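Notes for the one structure printed next.
What you are looking at is a predicted structure, and each value in this text was computed from that prediction instead of being measured.
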Amino acid sequence: MTAALLQIDQLVAAYGKIEALKGVSLSVAAGSVTCLLGPNGAGKTTLMMTIAGLLRPRSGTICFDGRELTGQPPHAVVAQGIALVPEQRLLFPSMSVRDNLLAGAYSRNDKQQIAADLARMLARFPRLKERAGQRAGTLSGGEQQMLALARALMSRPKLLLLDEPSLGLAPLVVEDIFRLIVEISTEGTSILLVEQNAQMALKLAHHVYLIEQGRISYSGAPAQLAADQLVQRAYLGSA
Ligand code: ATP
């Protein structure tokens, strides 16, 4: 079996009295795409924020690459090799595309390598290259998602946390995003993907978790999940 890159045990996180995660355990195998599905309000974003260090858990542990990360601040989490692409993308809208990309490398100090990575990123995303000097806030939704992804890659992560990357995008753009996710994974970056688009996500996931009301209710192979009729009805839009 492949070793777990990320190992989460019995994680509890809350907003005041509202417990959003009620003892979540999951792992992401090195080199895998692991997908987290679940209805609105199940705790998916809360889990991503807790891993990224934006929310302190009440209890439980987060181990990454052999080290405990629980309760570390966001910059320390990025420095360890985890990058979050948040649901709202959170670009710097009045900064240029180029400066948004450079902001992704803030935890690094290898200037020459950063410049080389910026050039590589612009070569990989021609639409961003054409718009390198343009303010990020003027990009289309799809371009903004590309920029958010490219910015996360600028930190050279070992694990990419993607929170609903296809949200609000046109079908053709969604296909581009998913193609990119496969490419990034093939290059060796592990991925934890939260998606509403279960059909697409199940095609590329190696392992799937279902989360409901703050608890993991299923863990297994995508094929198994797709064959489950209850899940079919609830998440895959078919009877
Ligand atoms: P969605 O698919 O709608 O984004 P989600 O699975 O990502 O949902 P979360 O956003 O993690 O769900 O929310 C989990 C629970 O925590 C919900 O009950 C939500 O109302 C609550 N919650 C989330 N953010 C806050 C907050 N800032 N303050 C209080 N409660 C919150």
Side-chain angles (χ1 to χ4, degrees), residues 1-11 20-48 50-51 60 62-65 82-85 87 142 145 149 152-153 157-239:
M1 211 180 126
T2 329
L5 179 65
L6 179 74
Q7 179 74 49
I8 292 175
D9 280 304
Q10 291 301 323
L11 203 64
L21 301 179
K22 299 170 180 161
V24 166
S25 300
L26 65 76
S27 61
V28 176
S32 76
V33 177
T34 298
C35 185
L36 182 66
L37 300 175
N40 289 333
K44 304 180 298 296
T45 297
T46 303
L47 179 62
M48 297 299 236
T50 310
I51 299 169
I62 302 171
C63 290
F64 179 70
D65 212 8
I82 298 181
L84 169 69
V85 181
E87 190 176 345
Q145 187 60 60
L149 249 166
L153 291 175
K158 294 180 193 147
L159 174 68
L160 200 53
L161 306 174
L162 297 176
D163 196 352
E164 303 211 17
S166 72
L167 198 71
L169 302 179
L172 279 178
V173 183
V174 172
E175 277 180 28
D176 282 348
I177 297 281
F178 274 84
R179 211 172 299 124
L180 203 61
I181 294 172
V182 172
E183 254 178 56
I184 293 167
S185 154
T186 310
E187 289 162 9
T189 306
S190 307
I191 294 173
L192 179 58
L193 171 68
V194 162
E195 255 305 327
Q196 292 280 345
N197 193 335
Q199 298 278 11
M200 291 286 276
L202 289 179
K203 278 188 207 154
L204 55 83
H206 300 106
H207 194 93
V208 181
Y209 289 94
L210 253 185
I211 184 169
E212 293 173 287
Q213 297 181 12
R215 290 194 172 89
I216 299 293
S217 57
Y218 173 90
S219 163
Q224 249 173 292
L225 184 72
D228 184 311
Q229 290 198 351
L230 266 179
V231 172
Q232 283 265 353
R233 270 197 289 276
Y235 299 101
L236 304 177
S238 57

- Could you list all the salt bridge (Lys or Arg N to Asp or Glu O under 4.0 Å) pairs where at least one residue sits in residues 36-46, not counting sequence neighbours? none
- Query: Looking at residues at least two apart in the chain, or sitting in another chain, which of them share a side-chain contact (heavy atoms from CB on, under 4.5 Å) with N197?
  - Reply: S166, V174, E195, Q199, M200
- Between L84 and I51, is any pair of side-chain heavy atoms under 4.5 Å apart? no
- Query: Among pairs that include at least one residue of residues 162-176, which meet salt bridge (Lys or Arg N to Asp or Glu O under 4.0 Å), considering only residues two or more places apart or in two chains?
  - Reply: D176-R179
- Task: Quick one: pull up CD1 in I184 and OG in S190 and give me the separation to the nearest 0.5 Å.
- Result: 12.0 Å
- Message: Once salt bridge (Lys or Arg N to Asp or Glu O under 4.0 Å) is applied, do any residues pair with E183, and if so which ones, sequence neighbours excluded?
- Response: R124
- Report the residues that fulfil side-chain contact (heavy atoms from CB on, under 4.5 Å) with A205, sequence neighbours left out, ordered by chain and then residue number. C35, V208, P222
- Side-chain contact test, heavy atoms from C-beta onward, threshold under 4.5 Å: evaluate it for V194 versus T45 and give yes or no. no
- Here the gap from K158 atom NZ to L6 atom CG, rounded to the nearest 0.5 Å, amounts to 12.0 Å
- Query: Mind checking whether F64 and L5 have side chains closer than 4.5 Å, heavy atoms only?
  - Reply: yes
- Query: Minimum heavy-atom separation for A4 to S27, with atom names?
  - Reply: CB-CB, 4.0 Å
- Query: So how far is it from S219 OG to L36 CG, rounded to the nearest 0.5 Å?
  - Reply: 10.5 Å
- Query: Which pair of non-hydrogen atoms, one from A29 and one from T34, has the smallest distance, and what is that distance?
  - Reply: N-OG1, 4.4 Å
- Exercise: identify the closest heavy-atom pair between V24 and I8: O-CG2, 3.4 Å
- Could you tell me whether the side chain of V33 reaches within less than 4.5 Å of the side chain of V182, counting heavy atoms only? no
- Query: Hey, does L193 have a side-chain heavy atom less than 4.5 Å from the side chain of F178?
  - Reply: yes
- Is L149 close to P165 at the side-chain level, that is, under 4.5 Å between some pair of heavy atoms? no
- Task: Return the minimal non-hydrogen interatomic distance between L192 and L159, and the atom names on each side.
- Result: N-CD1, 4.0 Å
- Taking only residues two or more places apart in sequence, or in another chain, which ones meet T46 in a side-chain contact (heavy atoms from CB on, under 4.5 Å)? A13, Y15, A20, L21, T50, L55
- Item | Non-hydrogen atoms of A201 and L37 that approach each other most closely | CB-CD2, 4.5 Å
- Test log, rule side-chain contact (heavy atoms from CB on, under 4.5 Å), inputs L11 and L26: CA-CA 9 Å; L11 203 64; L26 65 76; over 6 Å; no
- List the steps, then state whether side-chain contact (heavy atoms from CB on, under 4.5 Å) holds for Q145 with L167. CA-CA 9 Å; Q145 187 60 60; L167 198 71; over 6 Å; no
- Message: So, taking the atom named CD1 in I177 and the one named CD1 in I181, what distance separates them when rounded to the nearest 0.5 Å?
- Response: 7.0 Å
- Message: On a heavy-atom basis, which atom in G220 and which in H207 lie closest, and how many Å separate them?
- Response: N-NE2, 3.4 Å
- Message: Please check this pair: side chain of S25 against backbone of Q10, looking for a donor-acceptor N/O pair closer than 3.5 Å.
- Response: yes
